[in-house]
Every structure is written in structure tokens, then in C-alpha cells.
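Here is the structure we will look at, set down as C-alpha cells.
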2 protein chains.
Amino acid sequence: MTKRRLPAVSPSETEILRLVWQLDKATVQEVCDSLPAKRKIAYATVQTLLRRLEKKGYLKHRIRGKAHVFFPSVKSEKVIKRSVNDFLDRLFGGDPVPLMQYLAEHGKIDADDIEKLKKLIDKK
Amino acid sequence: MTKRRLPAVSPSETEILRLVWQLDKATVQEVCDSLPAKRKIAYATVQTLLRRLEKKGYLKHRIRGKAHVFFPSVKSEKVIKRSVNDFLDRLFGGDPVPLMQYLAEHGKIDADDIEKLKKLIDKK
DNA sequence: TACAATATCGTACAATTGTACAACCTGTCA
DNA sequence: TGACAGGTTGTACAATTGTACGATATTGTA
């Protein structure tokens, strides 16, 4: 089992990749349609991003009619792990606590969320 | 008060900027010295990054002897806010909960941390 | 079967990013 | 005062990123 290191996913690529995860599998069109209204990217751009993700090894595709249907070929867990760690390292020197603090202080998470997390941790 | 939008901070720049925050103010040398052992970047590279951060408006400098002493000219809060939001948007569609979950599940935060967060939220 | 609609592919291109060399200044100490 | 250690500045350059046009291929349909 050759475990070669996958190339990094760029920010815009991440955005697109997330949509594919969300949709489970998707054509260029479908990804375009599920873009948040705020973030309008041209069809051609989405296409390029999907192509690059496939070349980098994060997606594969199957043909359906004349369209390509892209689907993940790497567990999202893996990508998330890398991204989060990287982000944490750069912005907080690897310490997750300030990040949590930020989220708490800015009302991004509430008491309920905390309660759920508590359970999650206890269960482990 | 003209509130112009600051240019984005690139990942490597973020890394350096964080060190300046941590040191409060620092010369190129000092930043180099405080780089984590893992991440060895050449002096010249650190220098360029600091220069770019200053040009982008995140740092200023004063002269001490022959060296430049860089210090923040924008509150770290501001940068963190942008970075976190951006990160959250791209990787999780803006929802912080999965991120917290990830952190909890991977032992990045423990029950104690949760306790502290709880207080933080209640206090608000 | 020819056409309109829809997709993909190849290609492009400017901006940004990461990385760094070489040349040039400037205190400091002998 | 002259040399040197240590700084800074200018510049470079390949790779990556974000964005997208134009040409070509395919399919369902009239």
C-alpha cells in the first residue's frame, strides 16, 4: 500500500471539495448551483478547480450522459485533519484553545454546543 | 477615518505575524530564533515576509541600532477574525460546530478546556 | 440526421506566494 | 579611521492560484 503524500489543497479548491462532500457526488453544474449566493464563481472556474482536485488525487469521476460526475477518493477526515492542523499551527502555534475561545467569545458557539462537546469527550 | 480593506495575509505570512504578536515586537533575527524547530526558514525569507507584512499594513517598524524592530499595527483580533471566518467558510461552510467536534474527537481539547469555555460563555 | 444545447479540454495569463542571492549600507571596536 | 559583522534593499524566479475564453465533442430532439 503506497501511501504517497497528497499535494496540498488550495483555499479555493477546499471550498469546492467541501461542496462535493456535501453533495456526495456532483457534476460541475451541481457544484455551481450549490455555491453560496455570496460566492459566485464562473462555471469554467469551478470546472478547473474540480479538474485540479482530480489531478491531485482528491476526486475521481465517472461519466453520466455527457457530464462528469465527480466524487471523493480520499476520506474527508484526512483532508480536514491536515487543514485544521495546518491552520492551527500557523495562526495559533498549534494551540486549539485560543481558537475555541475566539469562537465562544464571538457567539459562534453556545452553551448547547458546549454541552454536546462535553458528552463527546466523556464518551471517549 | 478611512477604513480601507487590508490585503489578505498569506499562510506563511500568518505564521510570521503570529510570532511578532507573541514577541510583541521583534527583529528579523528574533523572529528567526523563535521559529519552531520543525519549521526552518532562511533568514532572508523571514525578512521578505516581514517586509511584505509591513507593505500590506500589518506591521510597522522602528530602527534600533542598525536593525529594524517590527511591531503590529493592526490588532491581532482583526486578523484572527478574518482568518477564522475564512477558514470556517471554506472548510465547513461557516459552521463552527464540526470544527469543535473535530477538535474534541482528536483529543485536542479536554474536559478542562470545555469547563473554561463554559464559563466564558456564561459570563457573556 | 442535423441542430441546438450542454459539456469538456486545452490553454492562457496575471497575481500571489515561497524562497533566496547578491549588493550595498552602518554601527562598533580595535 | 578603517574593517568587519551583521543589517537591509533590490531583485529574481519558479510554482501555485484564481479566473476564464475558445474550440471541440456529445447528446437528445425535432
Side-chain angles (χ1 to χ4, degrees), chain A residues 5-20 23 25-36 38-71 79 82-83 86-87 89-91, chain B residues 5-20 25-33 35-36 38-71 79 82-83 86-87 89-91:
Chain A
R5 189 149 190 76
L6 293 159
V9 183
S10 84
S12 284
E13 284 166 0
T14 302
E15 207 178 346
I16 298 301
L17 187 51
R18 185 184 74 78
L19 293 175
V20 177
L23 299 167
K25 61 188 188 304
T27 62
V28 179
Q29 202 46 256
E30 288 162 353
V31 170
C32 282
D33 293 346
S34 65
L35 276 172
K38 290 293 184 73
R39 186 82 171 86
K40 261 319 165 206
I41 313 176
Y43 183 99
T45 303
V46 173
Q47 207 169 23
T48 299
L49 262 5
L50 286 167
R51 264 187 273 170
R52 285 184 187 163
L53 281 166
E54 177 158 23
K55 171 169 285 185
K56 288 190 181 179
Y58 292 95
L59 296 178
K60 284 191 193 309
H61 78 268
R62 226 178 284 294
I63 305 284
R64 179 176 70 202
K66 55 187 165 183
H68 284 193
V69 182
F70 292 88
F71 57 90
V79 177
R82 286 240 298 213
S83 298
D86 192 70
F87 177 72
D89 282 347
R90 294 185 191 274
L91 193 59
Chain B
R5 190 152 190 71
L6 293 158
V9 183
S10 83
S12 284
E13 284 166 359
T14 302
E15 208 179 344
I16 298 301
L17 187 52
R18 185 184 73 77
L19 293 176
V20 177
K25 61 187 188 305
T27 62
V28 180
Q29 203 45 257
E30 288 162 353
V31 171
C32 281
D33 293 346
L35 277 172
K38 290 293 185 74
R39 184 82 169 87
K40 261 319 163 206
I41 312 176
Y43 183 99
T45 304
V46 172
Q47 208 169 21
T48 299
L49 264 3
L50 286 167
R51 262 187 275 174
R52 285 183 186 164
L53 281 165
E54 177 159 23
K55 169 168 286 183
K56 287 189 181 180
Y58 293 95
L59 295 179
K60 285 192 192 311
H61 78 268
R62 225 178 284 296
I63 305 282
R64 179 176 69 201
K66 55 188 163 182
H68 286 193
V69 181
F70 293 88
F71 57 91
V79 178
R82 286 240 299 213
S83 298
D86 191 71
F87 177 73
D89 282 348
R90 294 184 191 273
L91 193 59

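Proteins get letters first, then strands, A, B, ... in listed order; numbering begins at 1 in each.
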Out of [options], which has the shortest distance to the side chain of [X]?
X: A:Thr45; options: D:dA20, C:dT8, D:dT17; value: D:dA20
X: A:Ala42; options: C:dA7, D:dA20, D:dT8; value: D:dA20
X: A:Leu49; options: D:dT19, C:dT8, D:dA20; value: D:dT19
X: A:Thr48; options: D:dA20, C:dC9, D:dG18; value: D:dA20
X: A:Arg51; options: C:dG10, D:dG10, D:dT17; value: C:dG10
X: B:Val28; options: D:dT8, D:dT17, D:dA20; value: D:dT8
X: A:Arg39; options: D:dT19, D:dT17, D:dT8; value: D:dT19
X: B:Lys56; options: C:dT17, D:dT17, C:dA7; value: C:dT17
X: B:Tyr43; options: C:dC21, D:dT8, C:dT8; value: D:dT8
X: A:Ala44; options: D:dG18, D:dT8, D:dC21; value: D:dC21

(request) For A:Gln29, report the nucleic acid contact type (base, sugar-phosphate, nothing); a contact means any heavy atom under 4.0 Å. (result)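 Counting heavy atoms under 4.0 Å across all strands, the contact made by A:Gln29 is with sugar-phosphate only.
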
(message) With nearest nucleotide decided by heavy atoms, which residue, A:Lys40 or A:Ala8, maps closer to the 5′ end of DNA chain D?
(response) A:Ala8

(request) For B:Arg90 and for A:Gln47, find the nucleotide of DNA chain D with the closest heavy atom, then tell me which residue's nucleotide is more 5'. (result) B:Arg90

(request) Check whether more than 12 heavy atoms from other residues, nucleotides or ligands sit under 6.0 Å from atom CZ of A:Arg62, and answer yes or no. (result) no

Rounded interatomic separation in angstrom, taking [atom1] from [X] and [atom2] from [N]:
X: B:Ile16; N: C:dG18; atom1: CD1; atom2: P; value: 10 Å
X: B:Ile63; N: C:dC25; atom1: CD1; atom2: P; value: 15 Å
X: B:Lys55; N: D:dT11; atom1: NZ; atom2: P; value: 11 Å
X: A:Glu13; N: D:dT19; atom1: CD; atom2: P; value: 12 Å
X: B:Leu59; N: D:dT8; atom1: CG; atom2: C1'; value: 16 Å
X: B:Arg62; N: D:dG7; atom1: CZ; atom2: C1'; value: 19 Å
X: B:Asp86; N: D:dG18; atom1: CG; atom2: P; value: 10 Å
X: B:Leu53; N: C:dT17; atom1: CG; atom2: P; value: 10 Å

(message) Within the structure provided, determine whether A:Arg39 and A:Ser12 are in side-chain contact (heavy-atom separation under 4.5 Å).
(response) yes

(request) Evaluate the side-chain proximity of B:Val79 to B:Thr14: yes if any heavy-atom separation is below 4.5 Å, no if none is. (result) no

(message) Angle between ring planes, B:His61 versus B:Phe70, binned at 30° and 60°: parallel, tilted or perpendicular?
(response) tilted

Quick one: is [N] close enough that its OP1 or OP2 comes under 4.0 Å of any side-chain N or O from [X]?
X: A:Ser10; N: D:dG18; answer: yes
X: B:Arg64; N: D:dG6; answer: no
X: A:His68; N: C:dC9; answer: yes

(request) For A:Arg52 and for A:Phe70, find the nucleotide of DNA chain C with the closest heavy atom, then tell me which residue's nucleotide is more 5'. (result) A:Phe70

(request) Rounded to the nearest 0.5 Å, what's the gap from OG1 on B:Thr27 to CD on B:Gln47? Could you check? (result)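 B:Thr27 atom OG1 to B:Gln47 atom CD measures 10.5 Å (nearest 0.5 Å).
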
(request) Indicate yes or no for a side-chain donor-acceptor contact from B:Lys60 to the backbone of B:Phe71 under 3.5 Å, with no hydrogens or angles considered. (result) no

